[in-house]
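A short worksheet on the structure shown next.
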Amino acid sequence: MRISEAFIPTLKEIPSDATIPSHRLMLRAGLMRQLTSGVYSYLPLGWRAMMKAMNIVREEMNAIGAQEFHLPALNPESLWIQTGRRNIPNFIFSIKERDLVLAPTHEEVIGWLASTHIQSYKDLPQTWYQIQTKFRNEPRPRSGVLRGRQFTMKDSYSLDRSWEDLDISYEKHKEAYKRIFTRCGLNFFIVGASTGAMGGTGSQEFMIDSNYGEDTAVLCSQCGYAANTEVATSSIPPKHRSIVSEPLREIYTPNIKTINELVDFLKLDHTHFAKALAYRYNGSPILILMMGNDQLNEAKLSSALGGGEIQPIDPEELRALTGADAGSIGPVNLQGFTIIADKRLQNANNLISGANRNDYHIANIDLSRDVPISGYYDLRTVEEGEPCPQCFAPLKISNAIELGHIFKLGTKYSEALNITYLDETGKSKPVIMGSYGIGIERIIACYIEQNNDSDGIIWSKALAPYQVHIVALNIKNNVTKEYCEHLYTQCQNAGVEVLYDDRVDASPGFKFKDADLLGMPVQVIVGEKGLKQNTIEVKIRRSGERIQVPLDATISTLQRILSSTSL
RNA sequence: CGGGGCGUAGCGUAGCCCGGCUAGCGCGCUUGGUUCGGGACCAAGAGGUCGCGGGUUCAAAUCCCGCCGCCCCGACCA
């Protein structure tokens, strides 16, 4: 492509709305433009990079025997009512004129196809995928294309006869995902994750470490343990039970509201306290006990309760229900609440918690003697430095961006949509499903997050919109122009994807800056000086290395460089 | 949805507190000329409903009210 004829609007100045490097560079290098919040137009250069990523995804999906579909984004609303997902908050965009919705994901459509066409065990297994635009009613799009209202996703779905076969499909996907992200040049890791509103029996996320990530990952550098904080655990010890349970005793704690204030006031460490938190779960009040300063993890709470809506009880309501404010509520003689506790407090005794009376706490609470506990669950958020649950080494905590997510769905959608098959004995059984997603824009944005410098993007040949960028320093010089035109044609004939800066009105400095900003892996710099000595210069974008190449060896040198794996 | 910020030419911005504007600057753009190995120079130009609506005033980019949009933090996030 000749830059003089191309639409590549580069920006010298940093767009004020963009705060993270990938967003800034995607705008500055002319890859895309924002249309409205969370919605982007891909310009030719950005779209070429997207296509590179999609083709890698496609090749690896095809390699595990997945079949490519193209499913509709417009869906009948009724299908979503059937699976109970129509009214998930901030999820689905509706169409005003008809009872149609814009699909945020495609379990429903896949399920509909499977329920009408999968009949026998002989029809299974199947793996179906597509690369398609998704629409989600995000309350707050952010960070450029990292969280959009419209985005491109590779979504695939496995249909199996048994849980064992699902494990096989799941593992195939996991391996395919590793190959995809490796080929894309991403430095990623895999964590155990929560299934959340998708439902199902297990999942893992593919992530990159990033300060701009919205997820938090717990990692062990010793044994490789890795989990999203929504499901991560540690080997932090439980509260030990004292031999003697002392009698209950009310203590006066004037104006004490927090665990830290109690620790100071009573000169006891925080493990002596049971913090009480009040929530509503599907409408009914629930009291959660955590040890001392342990932080409740709402994702864990939600899944412990079996999924469903949880929300904190507001202050006035709390006073009406317990007779006290948030700092003074507790589990003893509390009416109208279901009470659960974190595992760390299992059967603990001699605990201090609120008295349900402002300015008073109760000491010596024995959870098995004094409190009707409905269950103990892992509800706490793991903190940096706690011992690894597998090897006891100190855990690290990182922010992370999610690139892909793989789920063992099981029978949730099979049941809702009646997806069944007849087994060898003629018995009807539910199809066992898995679903697997990759955000294509996130591949691009994450790649740029990990591969840029102060001059611009550093593309690898796998994702680069073009492999070679010819910089004609002064195109008005006939010798320069003649050689560049010759080289441009040679590259095209040799099948090398080439971008050719043939602009007559741009100065050499301007062209250098643009070439570094656009970031193609190899630059060929052609100027009068070199030509006088029958050489051109090849610059490797990533290393900055410059090689003087004799004119007659240019194409062979480019081909040699492009075939090396280090690009 | 809570908190904060912003909206002035294609981009980046000054002016707003304290009304007097005929709205300034840099980049980019057009024309002509010079220059050509790290975002060149000279000259002449084009380009603005100051987000939208209402109000106050002799006078509004500037003050007041309402709305819309965008960004950031939080909540949320298959």
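Below, chain A is the first sequence line, B the second, and so on; all start at residue 1.
Taking the ring axis of Tyr170(A) as reference, the NZ or CZ atom of Lys408(A) stays within 45° of it and closer than 6.0 Å to the ring centre.
Listed nucleotides: G37(B), G38(B), A75(B). Nearest to the side chain of Arg142(A): A75(B). The side chain of Asp516(A) approaches G38(B) more closely than any other nucleotide in the set C71(B), G38(B), G74(B). Here G37(B) is the nucleotide among G37(B), C72(B), G39(B) with the atom lying nearest to any side-chain atom of Lys529(A). Here the nucleotide nearest the side chain of Glu537(A), chosen from C70(B), G39(B), G37(B), is G37(B). Set against C76(B), G28(B), C71(B), the side chain of Pro139(A) has C76(B) as its closest nucleotide. For Glu214(A), the side-chain atoms get nearest to C76(B) when compared with the rest of C73(B), C76(B), G37(B). Residue Thr19(A) places its side chain closer to C72(B) than to any other of G38(B), C77(B), C72(B). Distance from the side chain of Arg546(A) is smallest for G38(B) among the nucleotides C27(B), G38(B), C72(B).
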Could you write out each protein N or O paired with an N or O of nucleotides 12-14 of chain B at a distance under 3.5 Å?
unit_1	atom_1	unit_2	atom_2	d
G12(B)	OP1	Ser16(A)	OG	3.4
U13(B)	OP2	Ser16(A)	OG	3.1

Report all interatomic pairs (protein N or O, nucleotide N or O of nucleotides 30-36 of chain B) with separations under 3.5 Å.
unit_1	atom_1	unit_2	atom_2	d
U35(B)	O4	Lys476(A)	NZ	2.9
C36(B)	N3	Asn474(A)	OD1	3.3
C36(B)	N4	Lys476(A)	NZ	3.3

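Residue Trp112(A) places its CH2 atom among 12 or fewer non-hydrogen atoms of other residues, nucleotides or ligands, all under 6.0 Å distant. Remark: Lys481(A) NZ is loosely packed, at most 12 non-hydrogen atoms of other residues, nucleotides or ligands lying under 6.0 Å away.
Annotation for Asn399(A) and Gly213(A): closest pair CB-O, 4.1 Å, computed over non-hydrogen atoms.
C18(B) sits 31 Å from C70(B) when the P atoms are compared, rounded to a whole Å. Comparing the P positions of G54(B) and U62(B) gives a spacing of 14 Å, expressed to the nearest Å.
Ring-base stacking between Phe510(A) and G39(B) is not satisfied when judged by a centre separation under 5.5 Å and a plane angle under 30°.
Nucleic acid contact class of Glu298(A) (heavy atoms, under 4.0 Å, all strands): sugar-phosphate only. Across all strands, Arg503(A) comes closer than 4.0 Å to no nucleic acid atom at all (heavy-atom distances).
Gln523(A) places no side-chain N or O within 3.5 Å of a backbone atom of His469(A) that could act as its donor or acceptor partner. With hydrogens and angles disregarded, no donor-acceptor distance shorter than 3.5 Å links the side chain of Glu68(A) to the backbone of Tyr129(A).
One finds no side-chain N or O of Arg33(A) lying less than 4.0 angstrom from the OP1 or OP2 phosphate oxygen of G10(B).
Under the 4.0 Å criterion applied to side-chain N and carboxylate O atoms, Asp167(A) and Lys174(A) are not assigned as salt-bridge partners.
Annotated stems with RNA chain B as a participant read B:1-7 with B:68-74, B:10-13 with B:24-27, B:29-34 with B:40-45, B:51-55 with B:63-67, given as range with range, by first number; only runs of 3 or more Watson-Crick or G-U pairs under 3.5 Å qualify.
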